[in-house]
Structure formats: structure tokens, C-alpha cells
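Atoms considered below: every heavy atom in the structure, side chains included; atoms not considered: hydrogens, waters and symmetry mates. First listed ligand is number 1; within each ligand, the first listed atom is number 1.
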Amino acid sequence: MSARPTALTDPLRNRGTAFTLEQRARLGLTGRLPAAVETLEEQAARSYAQLRRYDTDLEKYVFLDSLHDRNETLYYKVIGDHLSELLPVVYDPTVGEAIKKWSTDYRRSRAVYLSIDRPQDIRASFESLDLSPDDVDLLVVSDAQEILGIGDWGVNGTDISIGKLAVYTAAAGIDPKRVIAVNLDVGTDNELLLNDPTYLGNRHARITGERYDQLIDAYLTTAAELFPNALLHFEDFGPGNARRILEQYREKFRIFNDDMQGTGAIVMSCVISGLKVTKQTFAEQRLLVYGAGTAGTGMADQISAAMVRSGLTTEQARSRVWLIDRHGLVTDDMSGLPDYQQAYARPAAEVADWTRTTDGRLDLVTTIRQVKPTILIGTSTDHNAFTPAVIDAMCAGVDRPIILPLSNPTERIEAMPVDIVPQSKGRALVATGIPVPPVPYDGVDHVIGQANNALLYPGLGLGTIVSGATHVTDGMLLAAAEAVAGQVDPTPLGASLLPDVENLRASSATVALAVARAAAADGVATHAHDDLVQAVQDAMWQPVYPSDIDPT
Ligand SMILES: NC(=O)C1=CN([C@@H]2O[C@H](COP(=O)(O)OP(=O)(O)OC[C@H]3O[C@@H](n4cnc5c(N)ncnc54)[C@H](O)[C@@H]3O)[C@@H](O)[C@H]2O)C=CC1
Ligand SMILES: CC(=O)C(=O)O
Ligand SMILES: [Mg+2]
């Protein structure tokens, strides 16, 4: 029996029909492939033509997922050649659909699974990868409690870690050999999954409290010990845990919470661009956040910090922020407010005369009429909450309101730009979390930037890796936000607030450079480079077949 054709089954080494005859002989693949020897370009053209035959994005997702598991170079070549078309397929919003069907449609998986029921297995689970301390740049972990805007999906949420990593590679050239996707399976409170015979995760309710905290601690400690240079990215944790983990461990480990810090920073980019149009400063802004969870309060933190940099005191900055959650405007007489909302709770006396709904809430339209926000952000998952009355109220308050309905996926968005732009008579400055086409209004195409953290976190990660930063500092986040905003001129009517996704690779390199410089300025960089621009370029993995092959 001949040796197993491992080079054909290892997606990191596989080249399929692109293996030359000489390589086939060296790798023991003689007779295992058809005669033609193809180029990567020819393979990519065939794969793309195959992809185009599928009707739905979910079918395309499944096709690309199997290509990913077969040949990573080819997968990234196809995605990279069609980035704006395929990013919504491999990532947000299609990944949300795939996650809902993950257990039912399970094929195979490249992730590491850490179960709360077997914490003793954490080390062995990583060691099974057979990677040395210097082999890993990045881990993305999720406990899947708040996947996008679709809630708790237990082990099905594994694909958010894989999808985020795919964007890191496609957008910023993070080496796919040097990353690990992790699912923390702490159970699920999703009854649908608990009663689904095909469900593949731990079949019990979410474990909270001490056991949960111990798992997080063990994950961080083990991951940092085994892979001391890696950035530890947290994704789609529940609001309480996301903030608590970040605050508790931020000084100790190289961690990054994408939903709080990444989203906060991309929103900062939108606001920086918006203020170039309105010719205002951060200190003049009034921010209303609708949906005060992980992402919404992360944005409130970053925008109020920008107000402080712009000359206000912390108290003054907080007094220019309003949060609305399920029970209406967040006020300090509400009982049981989560700690992350308390800092922004409005004094009850201030709203005593405001008109309430029949069930006693201070709603969005009332708050807008009273406050006249300059910025309205939606991170509520409350579909269509930004009604025509909401847009009218925003436009009555200020000339060019910044309106950012950011909830994902599509069925959760607070309003589609096609409804906002005409309602505001072209005055609203709009960006969304999902990709949407330009909106024609009054002879002008209003281009809608995609305010998705995917425009920012890949470059942030690359800058962190290149600089060897020991921590992700606020200065690095701000540098990333400014670098994104610096790539567009938002001032012509209808111009986007953000760079185009098609240019994401160049944009990520620019962001990485700014982040690496900020890491050095903040004193957290551990790698010095004579030529940082070149160092960023050199660090970016390219989807090409190298001239040599690994014969093992
Ligand atoms: N564009 C982007 O880059 C990002 C977008 N998001 C999106 O933001 C949304 C929220 O995500 P997270 O903050 O992680 O979730 P989360 O669960 O932490 O926060 C959602 C908040 O909205 C509140 N809420 C729910 N229904 C509401 C209603 N009818 N009225 C007012 N508030 C309501 C919830 O009580 C909660 O506080 C999701 O759709 C997510 O996809 C999140 C991160 C990044
Ligand atoms: C984009 C993202 O991270 C989210 O919707 O959760
Ligand atoms: Mg997320």
C-alpha cells in the first residue's frame, strides 16, 4: 500500500491539480491526480464558475466552506479576487444563517472545542494541534451567547470564530497557518437547540458564575502560556461577560473584544468622517444609542472618550450621551440596571416632564425631540425601529444627522438606507453593519459605508502582530479609527463615510501601519522595524503557491 496522500488532505499544503509532476512524485501523489497541471489562476477561475452556479448565499457559503477545507490558498485566492461580492457570503450576514443550521448540516470543523464539562482538557486540546509557542499569531474565541444579532447558538456559533479569521486573512493577510478558531462550549439557553436531536454541543443550560469564570481564566492562562505572542480576540460574548472579561484581563493579557472595541472604533471612523461634513467637534455632539448592550455601550465609551479629548470633562461628556434599552430611556431611578449602563443613566428629575408611552417608557421619538441628537446609533436588533417618525425627528433637530443602524444580520437592522435617505431628503449621513447598495436620491447616489468591525479589526490585528504589542491600547484603537476615516473624502454630497470594502487589503495595511506606530508611541511595541511600511507588507500572507514545497 502506498503512503497516504497527506498533501492532498491537508488544506494548508494542498495544491490539487497545481502540483507539478515533479512535486507529485516527491509527495507520493503519482497517479493520484489527472494529467493536467494547472495554475492557481486556472483553478480559481473554475472554482468561481462553480460558485456562480449556486442560487443562494447559503449554498455558496457551503461550497466555499468545503473549498476552505480542501485548499486554503485557492479559497483565499477566490475570495480575494471577489472581495466585496464574497465577504457577505463567508461572513456577515450569511454566516448567521449557516450558524443556525450548523449542527444539522455538520460536515467537519477546523476549530478547537473547549467544554465547560471538561476543563482538564484545555491544554491537551491545544497541544493536539502540535504547534510551537512561536507558531501562532492569533486566536478567535466565542462562547456564542450573542452571535451577531441572532442570540445564543451554543456550539453552532463555532463558525463565527472561523468567519472572523477568514476575514483577518482575506482583508489583512494574517497567515492562515498561524491562527486558531476556538469555541467555548458552556451550554446553551436556546431551547430550539436543546431539543434538536442533531445538536452537537453540550446539551444543558449555560453554566454561569464561578465555573464559567474559571473556564475563561483557564482559557486565557493556557492560551497565553502555549502561544505567548498571540493576540486573543473575543467575539460575540454576552453583554455582561464581554465587558467584565475585557476589564478584568486587559492589563494582564493581549486581549481584544471586537464587539466593544472593534465596533466602537469603526463607529468612531464614521463619526470622524461625519464631523468633516458637519464641520463640528466631538465636544459638540449629542449621542443617542438605541440598544445599550455590548456594542452600544462600547461605542458610548469611545465617543465619550473622544469628547473628553476634545476638551470636555468626563462628567460633561457623559451628560451628552443617552442610552435607550428595552425599558426605554435609561434613567437612574430604574432598578436592576446593568453596571455597563449605569454610568450613562440620566437623572430622573431631568426627564420628569417628558411624555411617556402608555406602558410608562420614554421612547425613541420622545427622546429625540427632547435631546436633538447629532448622532443616532442602532445596536438593538429591533428591526425597523428607526421609523419615518424617528428620521423626521432627527432631521427636525439638526441639519445633517449621523444615523447608523448597525444591527446585523439583515433581518435585525433598525432601518434600511433606502428608507432613511429619502425620508431625510438626502440629509442623513448613513452607514450600516451589512453591505447595502447606494441609494439614489434627487440625482445623487448616496454611497453607504459598511460600518462593520470587519473594516477595522483585520488591520488592527496585523498592526498588533507586526509591532509585537503586549496590549491593545486605546491609542491603537483610535489610530485605527483615524486611519480608516483618513482614506475617504466624505464631503461631496452622497459620499461614503468609510472606504470601500473592495479596497480592504490596502485599507488594512494602512490601518496596521497606524496601529503599529501607536503601539510604539504607547510603549507597548516589542518589535522594532527599520522600515515599518515594508514590515507590514512583508507580514501580509498572499494566496500564492510558493516555489518550494514542504515534502512532509
Ligand atoms: N456593525 C458591527 O460591526 C456590529 C454590529 N453589532 C450588532 O449590534 C447588535 C447588538 O449586538 P450586541 O451589542 O453584541 O448585543 P447585546 O445583546 O449585547 O445588545 C443588544 C441590546 O439591545 C437591547 N434591546 C433589545 N431589544 C430592544 C428594543 N426593542 N429596544 C431597545 N433596546 C433593545 C438589549 O436589551 C441589549 O441591551 C447586533 O445586531 C449585532 O449584530 C454588534 C457588533 C458589531
Ligand atoms: C459584526 C459583529 O461583530 C457582530 O455583528 O457581532
Ligand atoms: Mg460580533
Side-chain angles (χ1 to χ4, degrees), residues 87-88 91-96 99 140-153 157 159-161 163-164 167 233-244 256-270 288-302 322-330 334 336-341 344 357 359 361-364 367 376-387 390 404-414 431-436 448-458 484 498 501:
L87 211 60
Y91 173 60
D92 190 10
T94 313
V95 68
I99 282 171
V140 174
V141 67
S142 180
D143 76 352
Q145 189 174 357
E146 287 296 341
I147 292 290
L148 303 168
I150 59 174
D152 176 355
W153 284 91
D159 271 14
I160 199 65
S161 301
K164 288 276 170 179
V167 177
H233 171 137
F234 279 67
E235 190 67 43
D236 289 354
F237 282 67
N241 292 331
R243 180 172 287 264
R244 202 166 52 86
F256 163 64
N257 185 296
D258 183 37
D259 298 290
M260 291 179 62
Q261 298 172 298
T263 314
I266 194 68
V267 167
M268 278 290 290
S269 307
C270 291
L288 175 54
V289 176
Y290 183 73
T294 310
T297 54
M299 292 164 196
D301 292 349
Q302 290 203 27
W322 289 259
L323 304 181
I324 294 186
D325 210 76
R326 287 177 196 279
H327 304 296
L329 181 68
V330 173
M334 288 177 159
L337 278 186
D339 53 0
Y340 50 88
Q341 294 179 354
Y344 300 103
T357 56
D359 59 356
R361 284 174 303 116
L362 292 167
D363 70 7
L364 192 49
T367 307
L376 170 63
I377 293 175
T379 42
S380 64
T381 70
D382 185 13
H383 187 46
N384 286 339
F386 292 178
T387 58
V390 166
L404 310 174
L406 297 185
S407 286
N408 300 317
T410 316
E411 71 269 19
R412 303 287 168 162
I413 192 169
E414 285 82 4
T432 53
I434 51 164
V436 293
I448 309 301
Q450 194 184 348
N452 193 300
N453 46 36
L455 258 83
L456 187 135
Y457 76 76
V484 170
L498 295 171
V501 168

**OP:** Drop me the distance from N452's CG to T263's OG1, to the nearest 0.5 angstrom.
**Re:** 7.5 Å

Original post:
Listing by chain and number, what protein N/O/S atoms are under 2.8 Å from the Mg ion (ligand 3)?
Top reply: E235 OE2, D236 OD1, D259 OD1

Original post:
Hey, is the main chain of Q341 close enough, under 3.5 Å, to the side chain of T297 for a donor-acceptor pair?
Top reply: no

Original post:
Checking Q302 side chain against A265 main chain: does a donor-acceptor pair fall under 3.5 Å?
Top reply: yes

Original post:
Which pair of non-hydrogen atoms, one from L498 and one from S269, has the smallest distance, and what is that distance?
Top reply: CD2-CB, 3.7 Å

Original post:
Can you tell me how far CD1 of I377 sits from CG of L406, rounded to the nearest 0.5 angstrom?
Top reply: 6.5 Å

**OP:** Apply the side chain to side chain contact (heavy atoms under 4.5 Å, CB included) test between L376 and each candidate in L404, I324, V390; give the one that qualifies.
**Re:** V390

Subject >> Residues D359 and R361 bridged, charged N to O under 4.0 Å >> reply: yes

Original post:
Does T381 offer a backbone N or O that forms a donor-acceptor pair with the side chain of S407 under 3.5 Å?
Top reply: yes

Please tabulate, one line per pair, the protein N or O atoms found under 3.5 Å from any N or O atom of ligand 2, giving the distance to one decimal.
from: ligand 2; atom 1: 3 (O); to: K164; atom 2: NZ; distance (Å): 2.9
from: ligand 2; atom 1: 3 (O); to: E235; atom 2: OE2; distance (Å): 2.9
from: ligand 2; atom 1: 3 (O); to: D259; atom 2: OD1; distance (Å): 3.1
from: ligand 2; atom 1: 3 (O); to: N453; atom 2: ND2; distance (Å): 3.0
from: ligand 2; atom 1: 5 (O); to: N408; atom 2: ND2; distance (Å): 2.9
from: ligand 2; atom 1: 6 (O); to: D236; atom 2: OD1; distance (Å): 3.0
from: ligand 2; atom 1: 6 (O); to: D259; atom 2: OD1; distance (Å): 3.0

Subject >> Residues in contact with ligand 1, criterion: heavy atom under 4.0 Å >> reply: E146, L148, G149, P239, D259, T263, Y290, G291, A292, G293, T294, A295, D325, R326, T379, S380, T381, D382, L406, S407, N408, G433, A451, N452, N453

Subject >> Counterpart residues, salt bridge (charged side-chain N to carboxylate O under 4.0 Å, His left out), relative to R244 (two or more places apart) >> reply: D213

Subject >> Backbone N/O of P88 and side chain of T94: donor-acceptor pair under 3.5 Å >> reply: yes

Subject >> Among T294, D143, D152, I147, side chain to side chain contact (heavy atoms under 4.5 Å, CB included) partner for D236 >> reply: I147

Original post:
Got a second to check how far M260's CE is from F237's CZ, nearest 0.5 Å?
Top reply: 13.0 Å

Original post:
To the nearest 0.5 Å, what is the distance between OG1 (T387) and CD (E414)?
Top reply: 12.0 Å

